[in-house]
Each structure stands twice: as C-alpha cells, then as structure tokens.
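Notes for the one structure printed next.
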Protein chains: 2
Amino acid sequence: MVRRVVREPTNVVVELDDRKATILKAVVVEHIDTAQPVGSSAVAASADLDVSSATVRSEMVALEREGYLAQPHTSAGRIPTDKGYRYFVDHLQSGVLGSVQQKQVKDFFASVRGEVEEVLEKTSTLLSQMTSYTSVVVGAGHAHATILSVQLVNLDAHHHLLVSVFSDGSVVKHSLTPNFEAKPEEVMEASRQLNALLINTSLETRVQVPSRRDNVANLVREAVSTLHAQQPVMEGEQVFIGGSSKVAEVFEGVETVRKVLAILEQELLVVSLVQDILDQGLSVAIGSEHGFEPLSTCALIVAPVTIDGVPAGAVGLLGPTRMKYREAMAAAEAVSKQLSRHFAGADDRG
Amino acid sequence: MVRRVVREPTNVVVELDDRKATILKAVVVEHIDTAQPVGSSAVAASADLDVSSATVRSEMVALEREGYLAQPHTSAGRIPTDKGYRYFVDHLQSGVLGSVQQKQVKDFFASVRGEVEEVLEKTSTLLSQMTSYTSVVVGAGHAHATILSVQLVNLDAHHHLLVSVFSDGSVVKHSLTPNFEAKPEEVMEASRQLNALLINTSLETRVQVPSRRDNVANLVREAVSTLHAQQPVMEGEQVFIGGSSKVAEVFEGVETVRKVLAILEQELLVVSLVQDILDQGLSVAIGSEHGFEPLSTCALIVAPVTIDGVPAGAVGLLGPTRMKYREAMAAAEAVSKQLSRHFAGADDRG
DNA sequence: TATTGGCACTCGGTAGAATTGACTGCTAAC
DNA sequence: GTTAGCAGTCAATTCTACCGAGTGCCAATA
C-alpha cells in the first residue's frame, strides 16, 4: 500500500470567518425551516450581511469545498452536511427555552405523581409533545443499588416468586420453579435466610451460599443464583419511548420511517446508543457521528439525568438531521434538569 | 320532494348464491394480493366458474348494489367493501395455519422462558414476525386475584414502598409518602398488620382498617387506601405491542401511518378496543365495525387467552382491511391457544 | 330466460415535449 | 475583494396525446 500524506481539510476543525459563519447559519436555519435547498439569493436577502448574491455564491463554493455544505444537483441551492450542522450546533446557536415551554416543564413536574416508572413514562410523553420529536427516556439500572429486602412467596408447590426491593425503589420479581417440592415452612425459612444473606448487598457482591443439600438450602442457592444471573450490563434499564408516531411526521419516505421505527423497537439498541453518546461527552449526535448506519439521517439529542450527582439515566430526542436543534436541545436540557431535581428533591413535598 | 319507496337490500344479510360468492371471493383474494381494483375479466379467468366476463360484470353490478363491492371510479375494477370482507371472512375462507408456522409456534413455546411479562412481550414479537402485521398482546389485570403477601419496606423516613404479590404471580409496588415520620419498627409492625389484614383478599374486597391514630395505624390506612385506589377497570392490564414498524409497511400513506401509530401509543385505547371486540364475540373487526373512526381503514383480529377456562387476556393483530385474514387469523388462534396452554401447563416442565 | 360477444365510452396512468424557473459558475468591470 | 451580468444546468411543472383496462349496454344466441 502506498503511503500518502493525505491532507483532509475536512477534518481540521477551524473557526470559520465571520461571513462564512453567517452564511452557513443562514443556510442551516432556512433549510431546517423549509426542508428545501437554499440558494445564494435567499441567503443574501435574509442574512444581516450586505453583500450580493454573487459574493455569497463564491463563499458557498468555499464552504462546499470545506465540507460544510452540499449540493443535491448542479442547479440547486445548498443544503448543510452533517459537518455543517455540527458547526451550527457548536458555534452558531444559542439554546434558550421559550418561557411558555419553560413553564410547561415546571408545571408538569409540579403536578406529576406516581411511581418512578410512571413519571418517566409521562416525562417521555411530555418531551415528545413539546418538541414534536420522538423522545427516549432511559432510567438507569440498579446494578449499584443495594437490596433492602427479598422475599420468597409461595405460589404453589413448584412455583415460588422471589421479590426483591432495591434501595433505588425498584422492585424485581423472579420465578423459581425448583424440581423438588418444598413445604410452605421451608419456603418461609428460605426467605428468612435470603434476607439475612442479601440485605445491604448489591447485585455485584458475591455472597456465601449454604452448601447443605436440604430443601431450604437448595431454595436459597437457586434464589441467589437467579438473582445474580442477570446481564451484567443494563439489566433493569428502563426505556420509555414517547411519540413514535412523530416519526411518520418528521421523516420523509416510508422506508426511512420503517427503518427508524424498527430501531426504536429494539430498545436495548436505543439504550446503548444513548449511552454511547453520553460516554463520548456529546449532547448531540448528528448523522453518522454515532457510527450507527441505519440512523445516518437522524440526529439524536441526549441529556443526562443525575440524582444527587450520580448518573441515573438520560433523556433523548430523535429527529431528522434537519431538526430544530435549539428548541429540542433546550427542551431536553430543561427536562433532564427538572427530572434530576424531581428525584433528588422528592422528599420536599408533603 | 318526491316520496319514494327506498329499498335497502344492503342491510339485509342474505346468503349469496354460489356464483356471486365465488366472484366475491375471487375479487377479495385478488385484491388482497395485488392491492389493485379487480376487473371482470380477471375474475372470469381466475375463478373456477365457466362464464364470460360479461356475466361476471352483471353479477358485479348486483354485488355492488348489495354493498359487497365498490368502484373507485367508473372505468376501474371493483374492490371489496367492509361488508364484502366480512362476508369473505365469515363464509368464504378456511383458516389453517401452514405446518411450518405451526411448528414455529410450537418451538417458540417449547423454548420460551422467563417471567410472564417477558413471555407476553416475546409472544408479541413472534406474532408480528409470523404475520408481518402489528401485534397486540394483552395480559388481563389482577382484579380478581387474591393477595398472597404485602410488605412495607422502608426507603427513608418519609418514603415507604408497598410491595404486593398476587396469586396470579404479579407484583405491584406503590410508594407511600406519609407526612409523618415513622420509625422502622413502626413500619415493620404496619407491614405485619397489613399482611394479616389483606392476605387472601382480592382488590375488590373491602377490609376493616384500624381507626386508631398512631403511626402504625395511619400507615396501614394509607397503604390500604393506596392499594385499593386504583382504577376499577383494567388496572394492571399489561399491553405489549410488537412490530409497530410493520405499520409503515402495510399501510399506505404517511397520514394513515401516523394515525395508526398515534393510536397504538395510547395503550389503554387499544386495550379497550380489543376488549370491545371480544365482548361482541367477534374475532375480527373490519373497517368501522368497532365504531372507532380513526381505525376505519384497519382490520383487527383478536383471539382470547384463557387460563384453565378463565379469561386472561387476548392476542391481536392489526392490519389494513385488505389483510391476509386466513393466515393472520390462524396465527392469532394458534398463538392464543398455545399461550393459554403455556400458562395452564406451566407446572409440567422441570 | 340466462348468457354471451361486441361495441362505444370513461377515465386514470404514462410517456414525451415544451416550458419554466431557481439555481449555479464564470467573467469582466468596478 | 466585490459585483452585475450572462450563459448554462437541471428538477419540476405543465400540457398533450394516447394507451388500455375496464365498464355498461344491447342485440343475438342457445
């Protein structure tokens, strides 16, 4: 293979000079609004720069050469590339949420009641309604939470239900179907022992199980292994997707709609996608930035949720690359902040 | 205005004579296959009737007059009306599931493991994959189930978690946030009393709560009222929707897709729709038969799930009115049967 | 009397040509 | 460096003609 020195001005992130930036911004804003390619004259007219369309044109060829703009075909206007959107998001927009919506979020969290899951679900609906995009709300798993209580309940001779309560307020059940018949007293005894064994441990803690061979010990062993047998990552992650019908509104082309819906169905995928973006320290992934091809026509906005500083999930918004970044990012941020506060300050009320 | 005697043969459900039935069937089958209006010559050629297209035509005008067929425009073929589909479903199709798929269902239920919720969710995916339609799986609520155990767990001074286990294997949690501070011992005592009070009752049973004013009694009262405060209908109903991306495949027109998706988002609506249809004793609702306008271009197939003869939910398939009724109905039926058996016979394994 | 072949008619869909118009890139002048 | 002007490109639109699938009707037929 020939070794070459490749100059990729595309990869070098330079500050654009003022005029180029203004032009890029005008193109992005206009294209987000109209979904049409934007021509030089429109830019010359709209933007607050006093140059002719010819000047705009020559700047545009430069912007195109540098990878910020693209042309669907010769005689059409320009549309932003992913890189163009990225520059726009990073440098050219200010994200303030309208006061009406600010209020909407506040009101929502002031009045919302119910279990964590319900709150997350409703939050997801709220986000989607506010923005007209599909929303994703991820509640973190309880890998680090400690066990407050476990209980073994007898369903019938061969069926027992292991109910575990975690310090983060989550409750998990597991069925046990041992191949021996345990008496109710044995089940109760096993339940007692499990409590003694597991309380205040987390799922990451290995515990010493009894090695005896009687029914009680067998039950205890089966319960512990069932409880610990879950996936190390993301078990207990909760995903709530709101406004999937928006997909049909904001994306064009049945095929795209189908693809996006199909991806939303695989919730684990969505979770890992959101997680990836958060791990990269991003708040927006535009086009193929997340490296996931089927969503290359999408942008995904994420905002972390923390409880007392500890990561506890995230909220996200999924739209086309030409989405309304400012509003959507502001909404995601406001909601994630309020959500964080909601859970941290849950004690205040009453 | 001239007074006229209007004859409405459309409302009279009569058996169609053999030839009309054959023609109707041919039109339905062809149109389901091609999504195109079907012409007289196609019918004359395809069906096993030895008449000319002219004869078919004259029969078709009769079928149209009687409301079984419709014409998009003058020079087009005929498409079935809802009534036409209904007749087809009731009289003209036999529903046997292909042996390959029969096996697929068997294999699935032979290997599926996990909690009820997981099974239902996977079932929903299975159904949707088998048929290419969106599936709905409804698990009945536990209104009639009795309580096996309740437990009050301390989260912190003002937060307690009420965890209830029902005889149907479901587990429900409720947060209690009393405005007084209860000591751990008091919480435990309340938990004990709740158990004594509630075990073997169902949510429909009213119980006698202590009238004392101490913390324990207050906790007990709050717990009982929280537990009983749920919606009388459909609380605890679980809905699993599989293959919503299929909506984009089988329906044409973005607007329709959006509408259907929007409806699927409102899960309670879907549940009541399914319930309605079951209550009417139907297994298919075609077009506007369910009286729900936004879904008037859809057909909804349902099949009840029972556990030991007791209604325990349903499975459903949602598609366009021109869906493949035979296959879809066979699939729904097979899955609902196997699902019923799965839960009834859960003891066998091991 | 039921069926049929034949015929005129309807009307959506398609293919092609012509036109439009929104762009661009280029260049010469300022 | 900026601009006006101009020639060129190409998608989108409109128009036209035409095709053909399909109908309804009717007179002839078995």
Side-chain angles (χ1 to χ4, degrees), chain A residues 16-81 84 252-253 322, chain B residues 16-81 84 252-253 322:
Chain A
L16 293 175
D17 67 63
D18 262 13
R19 197 167 65 185
K20 282 207 182 63
T22 314
I23 290 172
L24 175 57
K25 181 174 178 179
V27 171
V28 173
V29 168
E30 182 76 9
H31 182 253
I32 285 176
D33 195 43
T34 63
Q36 298 293 324
V38 183
S40 56
S41 56
V43 173
S46 83
D48 30 22
L49 33 81
D50 281 328
V51 289
S52 76
S53 66
T55 313
V56 173
R57 276 202 289 283
S58 66
E59 293 286 50
M60 274 172 148
V61 301
L63 283 168
E64 183 169 4
R65 196 174 45 235
E66 292 167 43
Y68 294 97
L69 295 178
Q71 224 177 351
H73 58 85
T74 323
S75 70
R78 303 303 209 290
I79 56 174
T81 60
E252 43 212 18
R322 54 168 278 274
Chain B
L16 293 175
D17 68 65
D18 261 12
R19 197 167 66 184
K20 282 206 181 64
T22 315
I23 291 172
L24 175 58
K25 180 174 179 180
V27 172
V28 172
V29 169
E30 183 76 7
H31 181 254
I32 285 177
D33 196 43
T34 63
Q36 299 292 325
V38 183
S40 57
S41 56
V43 173
S46 83
D48 29 22
L49 34 80
D50 281 327
V51 290
S52 74
S53 64
T55 314
V56 174
R57 275 202 290 284
S58 68
E59 292 288 50
M60 274 173 148
V61 301
L63 282 168
E64 184 169 1
R65 195 173 45 234
E66 292 166 43
Y68 294 97
L69 294 179
Q71 225 177 351
H73 58 86
T74 324
S75 69
R78 303 304 209 290
I79 57 174
T81 60
E252 43 212 17
R322 53 168 280 275

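The figures here come from the full heavy-atom set of this structure, side chains too, leaving out hydrogens, waters and symmetry mates.
Between B:Val38 and B:Val27, the closest heavy-atom pair is CG2-O, 3.7 Å. Summarising the geometry of A:Val61 relative to A:Ser58, their closest heavy-atom pair is CG2-O, 2.9 Å, with the distance given to 0.1 Å. Across every non-hydrogen atom of A:Val51 and A:Arg19, the tightest pair is CG1-NH1, 3.8 Å. Across all non-hydrogen atoms, the minimal contact from B:Glu66 to B:Lys20 is OE2-CE, 3.7 Å. Heavy atoms only, all atoms of each residue included: B:Ala44 and B:Ser52 are closest at CB-C, 4.1 Å.
Look at B:Arg65 and you won't find any side-chain N or O under 4.0 angstrom from OP1 or OP2 of D:dG24. A:Thr74 has a side-chain polar atom (N or O) that falls below the 4.0 Å cut-off from OP1 or OP2 of D:dC10.
Distance, A:Asp17 CG to D:dG1 P: 12 Å, rounded to whole Å. Straight-line distance from the CE atom of A:Met60 to the P atom of D:dT2: 16 Å, rounded to whole Å. Whole-Å rounding puts the B:His31 NE2 to D:dG22 P distance at 13 Å. Rounded to a whole Å, the NE2 atom of A:His73 is 8 Å from the C1' atom of C:dC23. Look at CD on A:Gln71: it is 11 Å from P on D:dA11, rounded to the nearest Å. Taking atom CZ on B:Arg78 and atom C1' on C:dT10, their separation rounds to 13 Å, with Å as the unit. Atom CG of B:Leu69 and atom P of D:dT23 are 11 Å apart (whole Å). As rounded to whole Å, 11 Å separates atom C1' of D:dA11 from atom CD of A:Gln36.
Heavy atoms of other residues, nucleotides or ligands lying less than 6.0 angstrom from CG of B:Asp17 number more than 12.
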Tabulate protein N/O versus nucleotide N/O from nucleotides 2-5 of chain C, keeping only pairs under 3.5 Å, one per line.
from, atom 1, to, atom 2, distance (Å)
C:dT3, OP1, B:Arg19, NH1, 2.7
C:dT3, OP2, B:Arg19, NH2, 3.0
C:dT4, OP2, B:Ser52, N, 3.0
C:dT4, OP2, B:Thr55, OG1, 2.4

Enumerate all atom pairs, one protein N or O and one N or O from nucleotides 14-21 of chain D, separated by less than 3.5 Å.
none

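Counting heavy atoms from C-beta outward, A:Val56 and A:Met60 have side chains that approach closer than 4.5 Å.
The side chain to side chain contact (heavy atoms under 4.5 Å, CB included) test with B:Ile23 singles out one residue from B:Leu49, B:Asp18, B:Val28, and that residue is B:Leu49.
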Under 3.5 Å, side-chain donor or acceptor atoms of residues 73-81 of chain B against the rest of the protein: list the pairs with distances, not counting sequence neighbours.
from, atom 1, to, atom 2, distance (Å)
B:His73, ND1, B:Ser75, N, 3.4
B:Arg78, NE, B:Glu64, OE1, 2.8
B:Arg78, NH2, B:Glu64, OE1, 2.9
B:Thr81, OG1, B:Gly67, O, 2.6
B:Thr81, OG1, B:Tyr68, O, 3.1
B:Thr81, OG1, B:Lys83, N, 3.3
B:Thr81, OG1, B:Gly84, N, 3.1

